[in-house]
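Below is one structure; the comments refer to it alone.
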Amino acid sequence: MKTTALKPWHESHHAKMIDFYNTLLPVHYETGIILEHEAVRTQAGIFDVSHMGQLFFKGERALNQARQVLSMDIDALNINQVKYGFVLRKDGTLVDDVLCMKTCPDEVLIIVNGANKDKVVEYLSETFKDESLVEDESDLYSVIAFQGPLTQTLIQQLIPEPLDYYTFKHGTFNGFEMFISRTGYTGEHGYEFIVANKDAEKLWTYLLSLSDQVLPCGLGARDSLRLEAGMPLYGHELNDHLTPLDVGLGMFMPKTRRHLFGLEDYVPHTKRIGFILNEKVIPREGYEITQDGQVVGVVSSGTFSPSLKRGIAMALIKADCDLNTDFNCIIRSKPYRLEIIKLPFIKK
Amino acid sequence: MNSVQEGYFYLKTHEWVKPVDETTFLVGISDFAQHALGDIVYVALPEVGDAVKFNERFCDVESVKAVSDVYSPISGSIIEINSALEDSPELLNQDPYATWIIKVEGSFDVSGLLNAQDYTKFLEDLQ
């Protein structure tokens, strides 16, 4: 199993560690998921997300490969701009969902899911017949997410001029050489830092020292925060058999590039919904969704929402389901009527 | 972490039973159980009058992370439920040995249960 540069810190602070797709990471600290979640909604939290991978395409030949597998139009990106999108197969199915950062005129960096990093590298090798030019620098970097309303003022101690949403800067800030991007996975104002492993713990403790309102948070809170924010997670809402159009992410699939992946006339098989349960039960991944007694879908992610104090979930259902007819979620053999919510659950 | 209380008897599935008198018993979950579950948000309580059987499920507990069955360390019939858990399930996290889930009328049989010392040893072996 892989570990991160911050593992000694987590263990000395009594984190409950779990194997997250082959990386040992904190699921929560002694504070617990709910308080960590609330800290990010009302104050600020930091997360070790060093399992995320960093893949570079450097130079025109490498960029030409990137153009063939990425959903986003990298030529339309400004330097220091970030764009959400996908690594896709020729048939439009999802290899991964990624952030693409335009670092130089002839270079992009994609941030891939830790669980998918090897798969993406392998897919590029297969596609480009062992002449893949991608450079995997994941082992060099740690990633720390700094999220929550207070980060807006606290960040000024690192970077005085404000960063626009989905932009980043690379440089040395307070002695830390790193990428700072105004991105995140919580639905809150926040930043993500990509920093050399050797500086990770120093940056982590520095961020904690900015205010006693900054809490270390684990993957448990990260999951409930992203679910409230209606954000998909690969392995749950996204997988190898679905296209972005099957999960309601067409807005991230430029019309001008759909033909490259066989998606110009694609008719989706499924759609993604968000729902809430108004009884004291929690929808969990794998639970069935029924309509008129027929199974029409399955919960892809579910949890207790600390903000709404209810069970919330996303589910993939058949594309032709009528959203105006009642749905049930089957929990321990009993149907519970679900209330469909237009995503996100929490609007900021 | 993972405290074990004297005077309580435990199942290997981390429930406890505490005798109140010869025929009355309190049932709850151990400190280890509440740590493993994390923040508890719902307890699906059974009803007064329901029968419980040794080592059989009598309710379930939902934490943010997962749902878990709770097994009874004693056979008998439920004479009271801790209705405070309806609104404050977090009591199970805060004070697991003072927070009982059900009160049972039954007869006590220690065979199949671990005393505090044995349960402590059992937890050590789990680590």
Side-chain angles (χ1 to χ4, degrees), chain A residues 11-18 20 25-40 217-228 276-287 299 301-313 329-334 336, chain B residues 1-4 13-14 29-48 50 52-53 56-72 81-97 99 101-102 123-124 126-127:
Chain A
E11 289 187 337
S12 64
H13 290 78
H14 312 293
K16 189 179 170 92
M17 306 291 280
I18 55 155
F20 185 73
L25 285 166
V27 62
H28 58 80
Y29 298 85
E30 282 182 313
T31 347
I33 295 175
I34 292 179
L35 290 178
E36 291 170 20
H37 179 112
E38 287 170 352
V40 174
C217 302
L219 293 177
R222 189 165 187 257
D223 194 52
S224 52
L225 288 158
R226 70 93 193 167
L227 237 164
E228 284 186 352
I276 183 168
L277 291 178
N278 291 310
E279 292 173 77
K280 290 188 168 184
V281 285
I282 300 174
R284 308 275 183 189
E285 183 179 0
Y287 290 2
V299 173
S301 307
T303 192
F304 175 80
S305 160
S307 304
L308 301 173
K309 310 269 183 255
R310 291 280 185 284
I312 62 168
C329 181
I330 309 297
I331 301 181
R332 296 180 278 290
S333 309
K334 213 180 132 193
Y336 291 86
Chain B
M1 287 276 277
N2 301 333
S3 76
V4 174
T13 46
H14 310 289
I29 61 170
S30 75
D31 192 37
F32 177 90
Q34 70 81 17
H35 267 298
L37 288 164
D39 292 331
I40 292 168
V41 292
Y42 298 131
V43 183
L45 291 166
E47 286 178 22
V48 171
D50 284 358
V52 291
K53 270 196 167 153
E56 286 188 10
R57 180 191 163 277
F58 71 92
C59 88
D60 51 56
V61 168
E62 299 244 26
S63 70
V64 179
K65 284 184 282 185
V67 60
S68 302
D69 290 330
V70 184
Y71 296 88
S72 180
I81 56 167
N82 186 356
S83 49
L85 291 172
E86 297 258 9
D87 292 324
S88 305
E90 68 278 6
L91 292 171
L92 287 173
N93 291 117
Q94 290 162 0
D95 201 350
Y97 295 112
T99 309
I101 301 172
I102 52 172
L123 292 180
E124 281 166 8
L126 279 185
Q127 310 289 320

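Chain letters run A, B, ... following the sequence lines, proteins first, then strands; residues in each count from 1. Keep in mind that what you see is a predicted model, and the values were worked out from it rather than measured.
Rounded to the nearest 0.5 Å, atoms CZ (R310(A)) and OH (Y42(B)) are 6.0 Å apart. Atom-to-atom distance recorded for K65(B):NZ and I18(A):CD1 is 8.0 Å, nearest 0.5 angstrom. Atom NE2 of H35(B) and atom NZ of K16(A) lie 9.0 Å apart (nearest 0.5 Å).
Most heavy-atom pairs under 4.5 Å with chain A, from the set A44(B), S63(B), G38(B): that is S63(B). By number of non-hydrogen pairs under 4.5 angstrom with chain B, the leading residue of V27(A), D223(A), I33(A) is I33(A).
Both the backbone and the side chain of E86(B) come within contact range of chain A, with heavy atoms under 4.5 Å apart. Proximity to chain A (any heavy atom under 4.5 Å) is shown, for N93(B), by neither the backbone nor the side chain. With a 4.5 angstrom heavy-atom cutoff, E285(A) does not touch chain B via any of its atoms.
Across all non-hydrogen atoms, the minimal contact from E62(B) to V281(A) is OE2-CA, 3.8 Å. Taking all atoms of both residues into account, the shortest heavy-atom contact from I34(A) to D39(B) is N-OD2, 2.6 Å. Among all heavy-atom pairs drawn from R332(A) and V67(B), the shortest one is NH1-CG2, 3.5 Å.
Atom NZ of K334(A) has 12 or fewer neighbouring heavy atoms from other residues, nucleotides or ligands inside a 6.0 Å radius.
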